[in-house]
Enquirer: 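After the structure tokens below, expect a handful of questions from me.
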Protein chains: 2
Amino acid sequence: MTTLKDLSRALGLSVTQVSRALNGHSDVSAATRERVMEAAKILNYIPNIAARRLVSGRSGTVGLVFRNRSEVPPDTLFVETTCGLSEFFAEHDLQFMLHVGRLTDDEIKVYRRLVDSRTLDGFVILNPVVDDRRIAFLREREVPFVVHGRAAPDSAHPYFDIDNEEVAHRLTRHLIERGHRRIAFINGLRSLTFVEARQRGYARALAEAGIAYDETLHVAVEMTESAGLVESVRFVAHMAERPTAVICGNTRIAKGVYRAVEAAGLSIPGDVSVVAHDDLLFEFDSERFNPPLTVTASALSESWKPMATFLARAIDGGYPLAQMQEIGRTVFIERASVATV
Amino acid sequence: MTTLKDLSRALGLSVTQVSRALNGHSDVSAATRERVMEAAKILNYIPNIAARRLVSGRSGTVGLVFRNRSEVPPDTLFVETTCGLSEFFAEHDLQFMLHVGRLTDDEIKVYRRLVDSRTLDGFVILNPVVDDRRIAFLREREVPFVVHGRAAPDSAHPYFDIDNEEVAHRLTRHLIERGHRRIAFINGLRSLTFVEARQRGYARALAEAGIAYDETLHVAVEMTESAGLVESVRFVAHMAERPTAVICGNTRIAKGVYRAVEAAGLSIPGDVSVVAHDDLLFEFDSERFNPPLTVTASALSESWKPMATFLARAIDGGYPLAQMQEIGRTVFIERASVATV
DNA sequence: CTGTTAGCGCATTCAC
DNA sequence: GTGAATGCGCTAACAG
């Protein structure tokens, strides 16, 4: 393999100057830079990453860590996430590493090892929870990270998020405007920050309309089709006063609700109205639901690019927080799954 | 961070000796080793990977490369694969890296970059095809790799595979024994080595029974539920002489076949018999098909551990090929999806 | 603009 | 058994 030394010999320059030319330093004559670049190309020079890392103290690698397999998100989402991140980090010359720990390991232990051994320069945090230990640890150790979501609405860390409180508020308000007053919400698992944000939006919309918050109508489940099915069966079949509308945390849940309603011989929106938030996952098309589903929508797939960019900036340092935070756009799409009562 | 130098100072030993003690060299007194180990633990010594890499010339990282996003396998399979590999490589102290290239890149270019920059010490190759360019490249450059499958039945490289020819032969023979003579095979996409192996097994079983090979009955499709559905609709509805039995490359395809048969108002096994190979994916349970599906089965999830082990051995070097190759066990499970004709 | 010097942390000669 | 010396390939002071 060609090294800097080889290049310097071939060019009659010092190793230092070759290094500077290659790294785009300003104090190199244009002519020299030309020559060096060309020689590098001809001799197929590729920098030795290990050496660079040793001297820079960085690994050039960022990672996504799962404590264990059961923590890995459901299928499509995982593919979207890993592929999207891998792709965009590559654009920033960062290696992307997936790390799945063992069941037995403590959550933070995995992070500690990765940080201490300088294996990773930065982390991607998914599904932040309230008082997230990972975030606390990385903060304390001053390790760069970017969060998909926020630790809190005013979090002082790099993140990409959507306005989840607004999403839930919007959906709830829409139903209220159509005359609904018994509105169920099949939300995600509690302690996830976005779930809490949505709960706030839901509660606020109800309060604004003078509707009492009924905790039996707000359920926390894993955001899967089967959970949606189970919960709506409960609503439809077993509840004394059946809700007239259901808000679903995502389209998977909505799918389950559709199936349950159909199985019960009821109809949407005739017997029950349904709305959801749509992450625009590849596998589900809320427009092709029958009837087409009214949703708030934001493309999850568009979050990876800013995430990668923000983490790259955090690692480079010197960027103001504002350039490492973004609230993605959300649109409200009215279709045919809501009836006026 | 604690370095070897710190340890040596604290212990009054030379850096060399500390290094030797930590790395389990034989020429270190037991007493010294004790002391060093203890000090390392107390001072929380963690070797600097970059330094180690620089001197060893290795990256300590292995990877799975996809040319681009469209090459990533369907959902569940991808999760199984990445999580399984990541987990078992960790046991061998190898970092696992997922790399998804850009659409525009040449297949080999990605590998070349990764090899030349010494980013990866070894590769995992999935879905080998006949005359696989990746395998050719890695061989030529003498880079360690392990294949899920084989380049050819007698391949001289590390691999984990099952006997795909035998699988297809077994399924076909079973149908023949039950009197079937028009047997369709919904196989995977051509050029994949396992698809060709299965085709051989299928053809051989037919030949042994004196049944002419009818190429219109052997179709190559992506191994998805929808493809299974489409192809069997073709068989059932449009074919002059409908096949009495269908062999499916996996349970996804079988699912599609079941749906098509049901949609056509026909029954399994009354109107058509169905068998499949079952990778025992988490999401599909062939036993709970209606009727329960007769299959050959092998657990895909059991392939990651040997794969990781074999690649680790290939990187370490000095292992005979036999210790880096394995044919996983396959069982035949007869259930209720085949009728005697 | 360019070259010299030094050192990142570690493992491996080679001596004793 | 142990230590001193050397170098992996690269970048960052420091001089000129």
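When reading the values below, keep in mind they use all heavy atoms of this one structure, side chains included, and skip hydrogens, waters and symmetry mates. Lettering of chains follows the sequences in order, A, B, ..., and the numbering in each one begins at 1.
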Enquirer: Determine the contact category for A:Val28: base if any of its heavy atoms lies under 4.0 Å from a base atom, sugar-phosphate if only primed atoms, P, OP1 or OP2 are that close, otherwise nothing.
Expert: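 Answer is sugar-phosphate: A:Val28 comes under 4.0 Å of backbone atoms only.
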Enquirer: What orientation do B:Tyr111 and B:Phe137 show, parallel under 30°, tilted 30 to 60°, or perpendicular over 60°?
Expert: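 B:Tyr111 and B:Phe137: perpendicular rings.
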Enquirer: When you measure from every atom of DNA chain D, which of residues 16-24 of chain A have a heavy atom less than 4.0 Å away?
Expert: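 Per residue number, the list reads A:Thr16, A:Ser19, A:Arg20, A:Asn23.
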Enquirer: Would you give the length of the straight line joining atom OG of B:Ser86 to atom CD of B:Glu91, rounded to the nearest 0.5 angstrom?
Expert: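 Here the interatomic distance stands at 11.0 Å.
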Enquirer: Just the rounded figure in Å: distance from C1' of D:dG3 to CG of B:Asp27.
Expert: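 The distance from CG of B:Asp27 to C1' of D:dG3 comes to 12 Å, rounded to the nearest Å.
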Enquirer: Working to the nearest 0.5 Å, report the span between SG of B:Cys83 and CZ of B:Phe88.
Expert: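 Going from SG on B:Cys83 over to CZ on B:Phe88, the span is 11.0 Å.
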Enquirer: What is the distance from CG of B:Leu54 to P of D:dT11, rounded to the nearest Å?
Expert: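 The answer, rounded to whole Å, is 12 Å.
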Enquirer: Would A:Phe310 and A:Tyr159 count as a close aromatic pair, with their ring centres under 6.0 Å?
Expert: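 They do not qualify: ring centres at least 6.0 Å apart.
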Enquirer: Could you check how far CG of B:Leu11 sits from P of D:dG3, rounded to whole Å?
Expert: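 For the pair B:Leu11 CG and D:dG3 P, the rounded distance is 10 Å.
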Enquirer: Without decimals, in angstroms, what is the distance between A:Lys5 NZ and D:dG7 P?
Expert: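 Between P of D:dG7 and NZ of A:Lys5: 8 Å.
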Enquirer: Could you give the CG-to-P distance, from A:Leu7 to D:dT11, as a whole number of Å?
Expert: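 It is 12 Å, rounded to the nearest whole Å.
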Enquirer: Can you check whether B:Phe145 and B:His157 have ring centres sitting under 6.0 Å from each other?
Expert: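 Ring centroids of B:Phe145 and B:His157 are less than 6.0 Å from each other.
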Enquirer: Round to the nearest Å and state the distance from B:Arg118 atom CZ to D:dC8 atom P.
Expert: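 Going from CZ in B:Arg118 over to P in D:dC8 covers 12 Å.
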Enquirer: With heavy atoms of chain A within less than 4.0 Å as the criterion, where does contact along DNA chain C begin and end?
Expert: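 Range of nucleotides within reach of chain A: C:dC1 to C:dG9.
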